[in-house]
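Here the structure is laid out as structure tokens; the discussion comes afterwards.
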Amino acid sequence: MSEPIIRFDKVVKRFGALTVLDRLDFTVQPGEKVSIIGPSGSGKSTVLRILMTLEPIQEGTIWVDGHPLWHEERDGRLVPASEAHLREMRKLLGMVFQQFNLFPHMTVLRNITEAPIAVLGMSKQEARERAMELLELVGLADQADKFPHQLSGGQQQRVGIARALAMRPKIMLFDEPTSALDPELVGEVLTVIGKLAHEHDLTMLLVTHEMRFAREVSDRVCFFDQGRMVEEGPPDQLFTEPREARTREFLKAVLAPQE
Amino acid sequence: MNWTEYLPPLLEGAWVTVQLTVYSMVLGALLSFAAGIGKLSPNWAIKGLSVVYIEIFRGTSLLVQLFWLYFALPLVGDLIGINLRLPPVIAGVLALGLNIGAYGAEVVRGSLQAVPVAQLETARALNFTRRQTLWRVALPQALPEMMPPFSNLAVQNLKDTALVSLISLGDLAFRAEQIRNFTQDSVTVYTIILFMYFGMALVLASFVRGLEFWVSRWRARA
Ligand SMILES: Nc1ncnc2c1ncn2[C@@H]1O[C@H](COP(=O)(O)OP(=O)(O)OP(=O)(O)O)[C@@H](O)[C@H]1O
Ligand SMILES: [Mg+2]
């Protein structure tokens, strides 16, 4: 096995007295597509938010692409990361949010070009060309000049995906990207994510309640419950013959109404 | 004296009032953004300075501020050997601008804090710096929220200019007082300036409305 691109080493995350992640160990290989499933409040979003550096951790270490994420190495010791280090690490990661979070005051095109120009120092011309390619990829090339409020939820989320990709991350984090969508719009977003999953370079972490989709696109599925990873395995194994009783219960509960 | 003869001096006064209003509004707007943004700064010195400014100028009356700048400041200057004698116009604009800026700063701060946290987190995920997040993400979304309270403050500011007649600045209120003293024709004089102030307030409010329309142009309209 190659060096993992993400490694959680006994990570503890607390909100006040509440321990949300309890000495979590978790690794992801480069290019791997991993789905995270589990009941509400089990810490799935927290894992992604910690990786995106939106939430700090209290104990343990996280390694991303060989570097500590929330720490810096100084004199052979790990000290809390500076903002400069976090900025450097953030370049590796892109995130797609449940509520899309497009910038409402910018057109679709500017939503995608703003960060490459301001943060990466890309020329306007290049950022624009790159954005149009990405809009093509997500099937929205004709919507470039619209404002977010003029788009459907599904279209907004596809712009959200293009915006994250424009920063050329190695790792894409999807936090329930279809949960805020009307059922008839879920498909178009999953199609785009599925397309990305076939790019073997991109590492993908997907928190989702779409079990069928998780099964289709992931190399591995992780079941979280109460801040711990209860079980992980290839989708065919985990969905058909889960080892843990809790996984079975959860799957039974979420799959029952659909079958 | 016919009432039409009141108009030239009153219009002269109105022009002074317009100038006072415009200059103090520009100063006030600059101070509003500086102190409103400053109050949210992680730098304690900037934050402290902003808070002190806002509290002092909201906590004392405009009249006291005006008198202090015009009558007390020169004496303080004498004590430390600097000439701080301000021309009435400067003292008036300073007092009005500093006062309205303190109230405006709270509007700016409030509107900035009302920008959804998710927007700021997204900016962070895209690796914007704090400054870029402020200018590119937070402020553009906060501006439309600021406009209605700004409109009130601007009209308030216009009305407050009447106070500067007390340091013998020839604004509209000052001219009216002069004519009234001379003619004893209170009804006519005050009626005329009532409409003049009202007209100026209308113009000011519609200017801010226009500004609001412009800064909200990205929003969905019903
Ligand atoms: N900012 C916060 N402050 C306090 N508690 C929080 C905060 N964010 C999350 N939590 C708590 O942490 C726990 C894990 O939250 P998290 O959002 O990671 O769950 P989740 O698995 O994503 O759930 P869901 O499926 O509902 O999105 C929950 O108990 C939640 O209430
Ligand atoms: Mg969640």
Side-chain angles (χ1 to χ4, degrees), chain A residues 45 48-56 83-84 86-108 110-121 145-151 159-160 162-169 171-175 180, chain B residues 33 36-37 40-47 107-150 208-222:
Chain A
S45 296
L48 298 197
R49 288 171 54 79
I50 287 172
L51 278 168
M52 198 60 253
T53 73
L54 299 177
E55 289 288 352
E83 181 59 26
L86 292 177
R87 280 181 63 77
E88 205 51 43
M89 294 305 290
R90 252 178 241 135
K91 289 182 187 165
L92 297 164
L93 298 142
M95 184 152 178
V96 172
F97 299 88
Q98 184 174 350
Q99 301 293 341
F100 332 135
N101 298 4
L102 294 187
F103 299 128
H105 58 295
M106 297 181 191
T107 61
V108 164
R110 254 195 79 198
N111 260 280
I112 304 173
T113 59
E114 192 75 359
I117 293 170
V119 178
L120 303 179
D145 296 321
K146 295 226 173 122
F147 281 97
H149 72 82
Q150 296 170 303
L151 303 183
V159 175
R163 178 176 65 178
L165 287 171
M167 296 299 277
R168 300 180 185 275
I171 302 163
M172 280 283 281
L173 310 170
F174 296 87
D175 190 4
Chain B
F33 282 96
I37 292 169
L40 299 174
S41 167
N43 180 323
W44 65 265
I46 296 175
K47 188 189 171 97
V107 172
V108 170
R109 179 198 53 78
S111 310
L112 279 174
Q113 282 183 320
V115 173
V117 176
Q119 287 285 312
L120 308 180
E121 288 184 343
T122 306
R124 191 165 149 91
L126 288 167
N127 231 345
F128 287 115
T129 61
R130 275 188 65 93
R131 182 165 301 183
Q132 287 170 336
T133 303
L134 174 67
W135 289 102
R136 293 164 193 258
V137 177
L139 268 178
Q141 294 185 54
L143 277 176
E145 300 302 324
M146 298 177 197
M147 290 305 142
F150 270 1
V208 182
R209 282 288 300 168
L211 211 58
E212 178 178 2
F213 188 82
W214 188 69
V215 298
S216 325
R217 62 201 180 284
W218 49 271
R219 284 193 166 176
R221 288 186 207 285

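The shown structure was predicted, so the numbers you read here are calculated from the model rather than taken from an experiment. Chain identifiers are assigned alphabetically (A, B, ...) following the order of the sequence lines, protein sequences preceding nucleic acid strands; residue numbering begins at 1 within each chain.
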| Test item: A:Arg49 and B:Glu121 side chains (from C-beta on) under 4.5 Å apart, heavy atoms | yes
| message | One pair to check against side-chain contact (heavy atoms from CB on, under 4.5 Å): B:Leu126 and A:Phe103. What are the steps and the verdict? | response | CA-CA 12 Å; B:Leu126 288 167; A:Phe103 299 128; 3.8 Å; yes
| said: Given 3.5 Å as the limit, does a donor-acceptor pair link the side chain of A:Arg87 with the main chain of B:Asn127, or not? | reply: yes
| task | Answer yes or no: are there more than 12 heavy-atom neighbours, outside B:Arg209 itself, under 6.0 Å from its atom CZ? | result | no
| field | Under 4.5 Å from a heavy atom of chain A, the part of B:Gln132 involved | value | side chain
| task | Sort A:Phe147 into side chain, backbone, both or neither according to what part of it lies under 4.5 angstrom from a heavy atom of chain B. | result | side chain
| field | Proximal component of A:Arg163, with respect to chain B [non-hydrogen, under 4.5 Å] | value | both
| request: Return yes if some donor-acceptor pair links the side-chain N/O of A:His105 with the main-chain N/O of B:Leu139 below 3.5 Å, else return no. | output: no
| Between A:Leu86 and B:Arg124, what is the shortest heavy-atom contact and its length? | CD1-NH2, 4.3 Å
Run the side-chain donor-acceptor check on residues 110-119 of chain B: report pairs under 3.5 Å with partners two or more places apart or on a different chain.
from, atom 1, to, atom 2, distance (Å)
B:Ser111, OG, B:Val107, O, 2.8
B:Gln113, OE1, B:Arg109, NH1, 2.5
B:Gln119, OE1, B:Gln141, NE2, 2.7
B:Gln119, NE2, A:Leu102, O, 2.9

| task | Determine, step by step, whether A:Glu83 and B:Thr129 satisfy the side-chain contact (heavy atoms from CB on, under 4.5 Å) criterion, reporting the C-alpha distance in whole Å, the side-chain angles of both residues, the deciding distance to 0.1 Å, and the verdict. | result | CA-CA 10 Å; A:Glu83 181 59 26; B:Thr129 61; over 6 Å; no
| said: One pair to check against side-chain contact (heavy atoms from CB on, under 4.5 Å): A:Glu114 and B:Arg136. What are the steps and the verdict? | reply: CA-CA 9 Å; A:Glu114 192 75 359; B:Arg136 293 164 193 258; 3.1 Å; yes
| Toward chain B, the part of A:Gln150 with a non-hydrogen atom under 4.5 Å | neither
